[in-house]
Amino acid sequence: VEFDPYSYELDRDPYPVYRFLRDEQPVYRNERLDFWALSRFDDVLAASLDWRSYSSAQGTVLELMGRMQDSAMIIFMDPPRQTRLRNLVSKAFTPRRMAGLAKEIREIARGYLDPLLPLGGCNIVRDFTSRLPMDVISAMLGIPSEDREQVQRWSNETLHREPGNPDPPAVALRAMADMFEYMGRQIAERRARPRDDMITLLTQAELPGDDGGVRRLSELEIHSFITLLAAAGNETVTKLLATAIYWLWKHPEQRARLLAQPQLIPNAVEETLRFDPPSQYQGRVTTREIEIHGRTLPVGARVLLLTGSSGRDERRFPDPDRYDVGREIDLHLGFGYGQHICLGASLARLEMATALDEFLQRFPDYEIDEDGIERVHSSNVRGFAGVPLRYAARQGETR
Ligand code: HEM
């Protein structure tokens, strides 16, 4: 059995391969693509906590790992630099700020869902799940509403990969360049005319300098933050929301539970993150020799921490292949763990719970045309690019 993160076949269902890895090769080695993989929950957790041995600084996506150096994005940094910058931007994610966004998120969700009701059918990714997260993150950043669709398109194109080829295709490279230029213009505008938004906050923020004084963020640092938030805040929620809608269709009895007890929806979000997370692995490069399960990872080894596999580990979760919205989950690794644990987790949870609630109120009963489903093809992001939905058309009243 070869584990190839670029395989389209694997995109359909990676979980049997993960099970094989956990049982037979918990320290898996792929010579052809030159990487290692840890698949058991405990091993993924321990490595996520040990940032000294498992570095993010050379990239965390297989095609970049080892090629990257000195990124200005916190996700590709190690402490202490990462911690300083992370603390600064985490101010944008306080509970108070999240509560302030709650009403807007609900309105955004309703604004997309209501017009779909009379249609009797839609593509729920195109018409809803891909729209909402970018509007939310854009509102938070201060990106004008008329530009939001374009920013989202760049973000999606950036992640696209052709089968069997790990390198970003021309369309991805062009999207990266266009997004870079666009954000540069936004930063310049905020410097000239500050507003009450996150881009302005970044242009004004001060952080401890190496000389003991304080300094402003560099152009590149601000730019990298915005690009990171726009990318991380869009793709993942888009995918997780569509994945939840898919699994709730496959398991109508679980959907019925949520309809009867909407207070279970936040738990359904956690269960979906355990069961089928959008971010399938976190890549790291070893900084020392590591002994694990009788094997030795050399210095400089490219290691994939298989988040997707960790949630299905029967050593941690009873009956792990059962989707159960009432399952008690004390910890899952769907948001990563340790130093780099998802900075946007509170926002993601709020968006997910609100969006699912609004969706289920309007679409308690729907069918998915399974043959019409499209998947994204990326080395670590798993999920749908398109999901055709059918339902009885109506002008609905909602709760
Ligand atoms: C369901 C949705 C989401 C999932 C599954 C998710 C998943 C993750 C994971 C697994 C990591 C850890 C990466 C690593 O260890 O290398 C991460 C980091 C991060 N996420 Fe999320 N994320 C989600 C939503 C968001 C949102 C909405 C935002 C921002 C608005 C966001 C911003 C970030 C940032 C900035 C980091 C880097 C943190 C650091 O390196 O210190 N994420 N996310």
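Note that ligands are numbered from 1 as they come in the structure, with each ligand's atoms numbered from 1 the same way.
- At least one heavy atom of Gly334 sits closer than 4.0 Å to an atom of ligand 1.
- Taking the six-membered ring for Trp and thresholds of 30 and 60 degrees, His377 and Tyr8 have nearly parallel ring planes, at less than 30 degrees apart.
- Between His251 and Phe275, the angle of the ring planes goes over 60°, which puts this pair in the perpendicular group of the 30/60° scheme.
- Close contacts between ligand 1 and Leu273 involve ligand atoms 5 (C) [criterion: under 4.0 Å to a heavy atom].
- For the pair Phe93 and ligand 1, a heavy-atom separation below 4.0 Å is found.
- Of the polar atoms of Thr60, none of the N or O atoms is found under 3.5 Å from an N or O of ligand 1, judged by distance alone.
- Atom CG of residue Leu21 and atom OH of residue Tyr18 lie 8.5 Å apart, to the nearest 0.5 angstrom.
- Heavy atoms of Ser56 come nearer than 4.0 angstrom to ligand 1 in no pair at all.
- We find the CZ-CG distance between Phe359 and Leu241 to be 8.0 Å, quoted to the nearest 0.5 Å.
- For the pair Arg284 and ligand 1, a heavy-atom separation below 4.0 Å is found.
- Taking 4.0 Å as the cut-off, Leu347 counts as a neighbour of ligand 1 on heavy-atom distance.
- Listed by number with element, the atoms of ligand 1 under 4.0 Å from a non-hydrogen atom of Arg86 are 38 (C), 39 (C), 41 (O).
- In this structure, Tyr281 has its ring center at least 6.0 angstrom away from the ring center of Phe35.
- Looking at atom 8 (C) of ligand 1, its nearest protein heavy atom turns out to be Cys342 CB, 3.7 Å.
- Using a cutoff of 4.0 Å between basic side-chain nitrogens and carboxylate oxygens, Glu189 and Arg185 are not scored as salt-bridged.
- By the criterion of a heavy-atom distance under 4.0 Å, the side chain of Leu240, and not its backbone, is placed next to ligand 1.
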